[in-house]
Novice: 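Quick one: structure below, then a few questions.
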Amino acid sequence: MPVDQHSDPFEGRVAAELRAAGGGFEPNLSALTTAGLARGRRLRLRRRAAVVGGAASLALVGVGGALLLPGGGGPGRDQSSVAADPSGTATLPAVSGQELIDTLKERLGHGKFSEEHGAGTGDKAGPYAALVWDDGHGASAVSVNLNRVEVGGDEARQLAQCPDKLLAPYDDCKSSRLDDGSVLKIVQGYEYPDKREPTKWWYADLVTAKGQHVSVSEWNAAAEKGSPVTRTEPPLDNAGLKELATAPAWLKAIDAIPAPPSQEPTPSAPVTDTAKTLAGLLPDGMQVVSRSKDGDGYGYVVVDDGKGKSLVEINVQPDMGDLLSDSIFEGAEDVGDGTMLVTREDAGDKDVAGTVRWTVDTVRINGLRVVISAYNSGGPHDAPGRDTPALTKDQLKEIALSSAWGPSRKDLYGQKSGQKNSDQG
């Protein structure tokens, strides 16, 4: 079963969904505290890999809040359906998970293979092939994931960009356009951004002009997590990753993926340059050391008030009004215009000793969620360089409630929640 392994397992509306799926399951409130920020980071980094070395037994939340449950389409499930070719009216036969595994083994060409898993193009989980490969120099987990992305869309753009080093440190990244118009990005990074274990994760993302996306991952261990390293580096260098990612068989398989059913478009965030907007709302005396690139919804700035660096990150999400009935907003304050606000303080989500993180989480009456956090360090993986964040909790509140992110009820009607407009009778 393929999953976005590197995604955080909680999102904006996950608590209610997990309770429904798991009966009396109680959510991890610490993780839920920064679910909005975690989702924003994930959308920027967009890692894709397959489960290697065993089946996933937990329910995971995918992009957009859809709940993915085990058993909905497991490895080896073969679909005999015929898929529509997205480039025209022709039809293409489905490709089974075993066929994708065989293709991966054929492309690797030699050595010993074990722990083979895969799913076909007709599988609800999406097509992938994953295995453990020993080329004679140590076992390595290798996986290939296939899907489509919107041509010219935000996901395609981010897949072509090198990751933000503040969020995902790496040793090398190259992004280049191939002769056929495709964009290939190859990254040599680490499974753990803080490098607490020596597991290296190298991966390639190929995005074609038709929106076909091939993601290849490899590790210098038999599993991405929880397995000792078996070699200094993963087996494929940049040339080897390019050769594997650009194999024509993957593109043919992607063309055989059934077109998804039509659905309502997901509303986009009202702000198109989040980091720039955030920087413009900072209080006086804050020097912006760095900030994230343009992006809808999520952004960060690293500021220095003369006492050391402090990371400030924000995520803006529409249509999140159902969060108000969730436990993470229990005891929330009504700021006077229908906006509900909660303030939290914790030690961050990266297990860095001494980290202090202040968070202000708001949901407006129109469902717009604005969640902002400030750290006493310059990055989520960095050691603290100061006692407290550079921004106070009151300053974070002021930024979160700004009309720059979208109108409040007061902005829309010129009144506070509960007051009647005379023009409306």
Novice: Considering the options T121, L92, L146, which one meets the side chain to side chain contact (heavy atoms under 4.5 Å, CB included) requirement together with D255?
Specialist: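 The option that passes is L92.
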
Novice: Which atom names give the shortest non-hydrogen contact between Y170 and C162, and what distance separates them?
Specialist: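 For Y170 versus C162, the nearest heavy atoms are OH-CB, 3.6 Å.
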
Novice: Take S114 and K112 through the test side chain to side chain contact (heavy atoms under 4.5 Å, CB included) and record every step on the way to the result.
Specialist: CA-CA 7 Å; S114 60; K112 298 179 180 179; over 6 Å; no

Novice: Answer yes or no: is there a donor N or O on one side and an acceptor on the other, between the side chain of Q212 and the main chain of N147, under 3.5 Å?
Specialist: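 No, because the side chain of Q212 does not come within donor-acceptor range (under 3.5 Å) of the backbone of N147.
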
Novice: Please find the pair of heavy atoms, one from L166 and one from G379, that lie closest to each other, and give the distance.
Specialist: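 So the two residues come closest at CD1-CA, 3.8 Å.
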
Novice: The test is side chain to side chain contact (heavy atoms under 4.5 Å, CB included); show your working for T339 and D334 and say whether it passes.
Specialist: CA-CA 6 Å; T339 299; D334 186 337; 5.7 Å; no

Novice: Backbone N or O of V352 within a donor-acceptor pair of the T355 side chain at under 3.5 Å?
Specialist: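 Yes; judged by distance alone, with no hydrogens or angles, the pair exists.
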
Novice: Could you tell me whether the side chain of L401 reaches within less than 4.5 Å of the side chain of L341, counting heavy atoms only?
Specialist: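 Side-chain contact under 4.5 Å: yes.
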
Novice: Look up atom CG in L206 and atom CG in L241, then write down how far apart they are to the nearest 0.5 Å.
Specialist: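 One gets 12.0 Å once the value is rounded to the nearest 0.5 Å.
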
Novice: Is the shortest side-chain N to carboxylate O distance from R357 to D346 below 4.0 Å?
Specialist: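 Counted as a salt bridge, because a side-chain N and a carboxylate O are separated by less than 4.0 Å.
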
Novice: Do you know which two heavy atoms are closest between T199 and A221, and how far apart they sit?
Specialist: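 That would be CG2-CB, 4.5 Å.
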
Novice: Might you work through the side chain to side chain contact (heavy atoms under 4.5 Å, CB included) test for I372 and E313, ending with a clear yes or no?
Specialist: CA-CA 6 Å; I372 182 171; E313 57 179 350; over 6 Å; no

Novice: Between the main-chain N or O of A160 and the side-chain N or O of S175, is there a donor-acceptor pair closer than 3.5 Å?
Specialist: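 Yes, the answer is positive, given that a donor and an acceptor are paired below the 3.5 Å cut-off.
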
Novice: Please determine whether the number of non-hydrogen atoms from other residues, nucleotides or ligands lying under 6.0 Å from atom CD of E345 exceeds 12.
Specialist: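 Result for CD/E345: enclosed.
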
Novice: Under 3.5 Å, is there a donor-acceptor pair between the side chain of K185 and the main chain of D205?
Specialist: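 Not confirmed, K185 side chain does not pair with D205 backbone.
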
Novice: Verify whether one side chain among Q188 and Y203 offers a donor that lies under 3.5 Å from an acceptor in the other.
Specialist: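 Looking only at side-chain atoms, Y203 and Q188 do not form any donor-acceptor pair under 3.5 Å.
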
Novice: Can you check whether A249's main-chain N or O pairs, donor with acceptor, with R107's side chain at less than 3.5 Å?
Specialist: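 Absent.
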
Novice: Measure the shortest side-chain to side-chain distance between P389 and V356 over non-hydrogen atoms and say whether it is less than 4.5 angstrom.
Specialist: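 Result yes, sub-4.5 Å side-chain heavy-atom pair found.
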
Novice: Hey, are the side chains of P198 and K200 touching, using non-hydrogen atoms and a 4.5 Å cut-off?
Specialist: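 Side-chain contact under 4.5 Å: no.
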
Novice: Check T359, N315, D361 against S373 for a side-chain hydrogen bond (donor to acceptor under 3.5 Å, both in side chains) and give me the one that passes.
Specialist: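 So, applying the side-chain hydrogen bond (donor to acceptor under 3.5 Å, both in side chains) to S373 and each of T359, N315, D361, only T359 qualifies.
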
Novice: Do R148 and I254 make a side-chain contact, defined as non-hydrogen atoms from C-beta onward lying under 4.5 Å apart?
Specialist: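 Yes, side chains in contact.
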
Novice: Search all heavy atoms of E191 against all heavy atoms of W201 and return the closest pair with its distance.
Specialist: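 The answer is N-CB, 3.8 Å.
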
Novice: May I ask you to test the T362-V371 pair for a side-chain heavy-atom distance under 4.5 Å?
Specialist: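 Not in contact.
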
Novice: Counting only N and O atoms by type, is there a donor-acceptor contact under 3.5 Å from the side chain of E99 to the main-chain atoms of S96?
Specialist: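 At least one qualifying donor-acceptor pair exists.
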
Novice: Are L391 and V312 packed together at the side-chain level, in the sense that at least one heavy-atom pair is separated by less than 4.5 angstrom?
Specialist: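 Answer yes - side chains close enough.
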
Novice: Taking everything shown except D351 itself, do over 12 heavy atoms lie less than 6.0 Å from its CG?
Specialist: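 Not buried by this count: 12 neighbours or fewer within 6.0 Å.
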
Novice: Are the side chain of H381 and the backbone of L167 linked by a donor-acceptor contact shorter than 3.5 Å?
Specialist: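 Checking the backbone N and O of L167 against the side chain of H381, a donor-acceptor pair under 3.5 Å is found.
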
Novice: I'd like to know if the side chain of E106 pairs up with that of T103 as donor and acceptor (distance under 3.5 Å, no hydrogens or angles considered).
Specialist: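 Judged by distance alone, the side chains do not pair up.
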
Novice: For the backbone of G406 and the side chain of R364, can you confirm whether one donor and one acceptor N or O come within less than 3.5 Å of each other?
Specialist: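 Pair found, side chain donor or acceptor close to backbone of G406.
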
Novice: Atom CG of L396 and atom CG of L281: how far apart are they, to the nearest 0.5 Å?
Specialist: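 Answer for the CG-CG pair, L396 versus L281, is 11.5 Å.
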
Novice: If I take atom CH2 from residue W202 and atom CG from residue L236, how far apart are they, to the nearest 0.5 angstrom?
Specialist: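 Going from the CH2 atom of W202 to the CG atom of L236 covers 9.0 Å.
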
Novice: Would you name the heavy atoms of A204 and L184 that are closest together and state the gap between them?
Specialist: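 Smallest heavy-atom distance, with atoms named: CB-CD1, 4.3 Å.
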
Novice: If every non-hydrogen atom of A353 is compared with every non-hydrogen atom of P384, which pair is closest and at what distance?
Specialist: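 Shortest heavy-atom separation between A353 and P384 comes out as O-CD, 3.3 Å.
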
Novice: How far does CD of Q317 sit from CG of L323, to the nearest 0.5 angstrom?
Specialist: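 Nearest 0.5 Å value for the CD-CG distance: 7.5 Å.
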
Novice: Is it the case that the side chain of S310 and the backbone of Y375 share a donor-acceptor pair, with hydrogens and angles ignored and the cut-off at 3.5 Å?
Specialist: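 A pair under 3.5 Å: yes.
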
Novice: Might you confirm whether atom NZ of K397 has over 12 heavy atoms from other residues, nucleotides or ligands at distances under 6.0 Å?
Specialist: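 Atom NZ in K397 is crowded, with more than 12 foreign heavy atoms closer than 6.0 Å.
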
Novice: Can you give each donor-acceptor pair under 3.5 Å made by side-chain atoms of residues 130-141, sequence neighbours left out, with the distance rounded to 0.1 Å?
Specialist:
residue : atom : partner : partner atom : Å
W133    : NE1  : H110    : O            : 2.6
D134    : OD1  : G136    : N            : 2.8
D134    : OD1  : G138    : N            : 3.3
D135    : OD1  : H137    : N            : 3.0
D135    : OD1  : R231    : NH1          : 2.8
D135    : OD2  : R231    : NH2          : 3.4
S140    : OG   : W219    : O            : 2.4

Novice: Check whether more than 12 heavy atoms from other residues, nucleotides or ligands sit under 6.0 Å from atom NZ of K393, and answer yes or no.
Specialist: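 Yes, the 6.0 Å shell around NZ holds more than 12 heavy atoms from other groups.
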
Novice: Quick check for you: to the nearest 0.5 Å, what is the distance between W250 atom CH2 and L100 atom CG?
Specialist: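 Spacing of CH2 (W250) from CG (L100) equals 6.0 Å.
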
Novice: Any side-chain donor-acceptor pair under 3.5 Å between N376 and T388?
Specialist: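 Short answer, no.
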
Novice: Going by distance alone, is a donor N or O of one side chain under 3.5 Å from an acceptor N or O of the other, for Y300 and D164?
Specialist: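 The answer is yes; a qualifying pair exists.
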
Novice: Report the distance from atom CD1 of I314 to atom CG of L278, rounding to the nearest 0.5 Å.
Specialist: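 Here the interatomic distance stands at 5.5 Å.
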
Novice: Strictly distance-based, threshold 3.5 Å: is any side-chain N or O of R291 a donor or acceptor partner for the main-chain N or O of A279?
Specialist: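 No, the answer is negative, given that no donor and acceptor are paired below the 3.5 Å cut-off.
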
Novice: Can you list the steps and then say if Y298 with V316 is a side chain to side chain contact (heavy atoms under 4.5 Å, CB included)?
Specialist: CA-CA 6 Å; Y298 173 82; V316 184; over 6 Å; no

Novice: Within the structure provided, determine whether T208 and L251 are in side-chain contact (heavy-atom separation under 4.5 Å).
Specialist: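 When only atoms from C-beta onward are counted, L251 and T208 do touch, with a gap below 4.5 Å.
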
Novice: Would you mind reporting whether E233 and N220 have side-chain heavy atoms less than 4.5 Å apart?
Specialist: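 A side-chain contact under 4.5 Å is absent here.
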
Novice: Pairing donors with acceptors under 3.5 angstrom, does anything connect the side chains of W405 and T277?
Specialist: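 No, no side-chain donor-acceptor pair sits under 3.5 Å.
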
Novice: Tell me yes or no: between the side chains of D171 and Y190, is some donor less than 3.5 Å from an acceptor?
Specialist: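 D171 vs Y190: donor-acceptor pair found between side chains.
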
Novice: Taking it one step at a time, do K174 and D172 satisfy salt bridge (Lys or Arg N to Asp or Glu O under 4.0 Å)?
Specialist: CA-CA 7 Å; K174 292 180 173 63; D172 184 63; 2.9 Å; yes

